[in-house]
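Just so you know, residue 1 is the first one in the sequence shown, and it goes up from there.
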Amino acid sequence: MIASFFSLYLATVLLLVGSGLFNTYMGLRLTAESVSELWVGSLIAIYYLGLVFGARIGHKIIIQVGHIRAYAATAAIVTVTILVLALVNNLWAWLGFRFLAGIAMVTQFMVIESWLNEQTDNDKRGRVFGFYMVCSSCGTVLGQLSLTLFPSLNYEPLIFAAMCSALCLVPVALTRRMHPTIQVPAPIHVKYYLARVPMSLIILFVAGMVTGAFYGLAPVFALKQGLNNSEVAVFLAASVAAGLLAQWPLGWLADRVNRAGMIRLCALILALSTIPLWGWWTIPYWGLVIFSCVLGALQFTLYPLGAAFANDNVDPDRRVGLSAILYMVYGMGACVGPLFAGLLMRELHPEVYFVFVSACAFVLVAVIRPQHITGANLSEDAPTHFVPMSDSLQSSNIVASLDPRVDVESDVSFETPVEEMPAGSVPPDSAEAAEATGAAEVVEGDTVPGAPPIAPESEVTTAAGVMGAAAPESALPRSAASQETTAAATSEAATPEVEASGTATTATQAATSGTTETAPKEAEPRPTEQDVSAPRATPTGKPDPAAG
């Protein structure tokens with residue numbers, strides 16, 4: 001499996017070595033030139049903004065010229081945006097180049113992940129996803145460590161980062177793999193996920209704030225503690241490596257305990273662990289490295305823990321769309337975090353960076369309370385397995401389709417949930433009943449008696465895209481002549497009776513034929529996010545012992 005995707009894995013490592021080196025170099029160089037921390041935070045925030053919102057542009061480029069040409073063109077753009085910093089010293093120009101670099105780089109990730117996603121057998125998706133995650137994290141760690149090769153902050157690190165950006169072209173340009181099919185972006189049904197997983201979205205937003213601030217401003221903090229460039233690189237690499245290694249033991253534990261409680265405990269430990277770094281004491285270099293490992297193990301596992309918590313509370317056939325909105329929320333947090341932390345550091349002192357981290361962690365402690373979870377939105381297969389995940393911003397959300405918790409063949413994220421249907425529209429159940437009785441249908445202007453409703457063209461799209469990200473062709477709705485399609489249950493607002501009884505409902509499915517598309521049926525109301533530890537109820541209202 002590794003050998004078959006070797007060229008794509010190698011391209012990923014080279015791509016992230018250059019990216020990891022450049023992000024750290026930029027913070028160190030600007031700090032050495034006495035540039036405000038707000039500028040440092042702005043440059044990393046605008047880069048993440050390009051990663052989040054560049055997917056639609058990247059999708060259009062791939063459609064127009066194909067995967068390899070799109071990859072080659074955007075790799076050249078990334079290389080130029082790195083080298084141009086050796087010629088231009090205007091910070092406003094740097095902002096524009098960093099935004100352009102984010103758009104170009106997310107296009108490269110889309111090409112690599114499209115290949116992995118389409119040409120992976122279902123029984124190997126977990127292994128392909130896991131090794132891609134390891135390659136991503138290892139590339140970032142090697143990028144940090146490669147800065148130790150350059151004692152001075154001149155043009156040499158820029159040349160090395162540009163070389164990595166150019167070299168990542170070679171494995172993809174010479175691959176003999178067939179091009180993956182062009183994928184179609186799909187809408188994000190925000191109301192559905194806001195109603196289902198509000199706590200998870202808060203976790204992902206705060207985790208994005210902490211991660212974005214780390215990549216932008218942790219180098220500034222370390223440099224102002226008296227560390228040299230090589231020591232700063234080790235300080236950062238230790239945190240990323242610890243975050244990668246900690247995912248397996250924490251994941252094992254997360255599958256066996258209350259996940260909301262575990263997330264809250266990790267946030268509390270993170271908040272308390274950063275207090276010694278507020279500037280109370282002078283900590284030696286080896287002590288800072290130890291703190292960096294502890295903090296990395298906690299902050300870089302917030303994203304996969306929050307994603308697992310969200311997957312526990314969303315129906316299995318809407319998880320591709322869930323991955324899309326998690327990616328968007330996490331990215332928006334990564335845009336806000338560096339700006340806010342940079343402003344605080346400029347106005348106060350460098351140690352306030354860890355005050356910011358503590359404040360973010362205390363927000364999670366205050367918001368994530370297991371006793372506030374009603375137990376109404378538990379998915380059929382909860383608890384879902386914890387899946388180790390790298391920093392999602394160093395990828396595109398297409399890779400979410402490789403997540404072993406996702407079944408792209410039955411996913412209906414492209415269909416509009418009941419929560420977002422226009423007022424007065426005919427629910428799918430009503431349409432089927434009218435068809436069975438021979439009543440005339442009036443759906444989207446169609447008045448043919450007894451005909452099944454045809455969904456608007458805008459809804460017939462493939463699963464999951466965040467601001468234009470794409471999903472695999474296998475997620476497209478298939479005709480009934482080829483096979484039956486499965487309809488997934490969605491939920492409405494809660495009723496007092498359901499909250500009083502504490503009864504949890506399960507997804508309702510029905511196979512239909514003769515139509516080209518199915519829509520979700522209405523399910524029992526499920527008001528808020530469900531923790532995996534809550535007992536699931538049977539149709540009789542009694543707890544199901546098999547649900548744990």
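Annotation for F340: atom CZ does not count as buried by contact number, only 12 or fewer foreign heavy atoms lying within 6.0 Å. Atom CH2 of W280 is surrounded by 12 or fewer heavy atoms from other residues, nucleotides or ligands within 6.0 Å.
Of the possible polar contacts, none joining the N311 side chain to the T384 backbone as a donor-acceptor pair under 3.5 Å is found. Here the side chain of S19 pairs no donor or acceptor atom with the backbone of L15 at under 3.5 angstrom.
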In sequence, state the C-alpha distance, the side-chain angles, and the governing distance for Y353 and E37, and then conclude on side chain to side chain donor-acceptor pair (under 3.5 Å).
CA-CA 10 Å; Y353 163 70; E37 292 87 352; over 6 Å; no
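Between L147 and S230 there is no side-chain heavy-atom pair separated by less than 4.5 Å. Looking only at side-chain heavy atoms (C-beta outward), V336 and F205 come within less than 4.5 Å of each other.
Aromatic ring pairs are classed by plane angle as parallel below 30°, tilted from 30° to 60° and perpendicular above 60°; the pair F300 and F214 is perpendicular. Between F131 and Y9, the ring-plane angle classifies as perpendicular under the 30° and 60° cut-offs.
Ion pair R319/D315 not flagged as a salt bridge, since none of the NZ, NE, NH1 or NH2 atoms sits closer than 4.0 Å to an Asp/Glu carboxylate oxygen.
With L270 as the fixed residue, the side chain to side chain contact (heavy atoms under 4.5 Å, CB included) test singles out one of L298, V294, L265: L298.
Atoms CD1 and CG, from I44 and L339 in turn, are 11.0 Å apart once rounded to the nearest 0.5 Å. Summarising the geometry, atom CZ belonging to F291 is positioned 9.0 Å from atom CH2 belonging to W286; distances are rounded to the nearest 0.5 Å. The distance from the CZ atom of F99 to the CZ atom of F53 is 8.5 Å, given to the nearest 0.5 Å.
Under the 3.5 Å distance criterion, with hydrogens and angles disregarded, a donor-acceptor pair is assigned to the side chains of N23 and R98.
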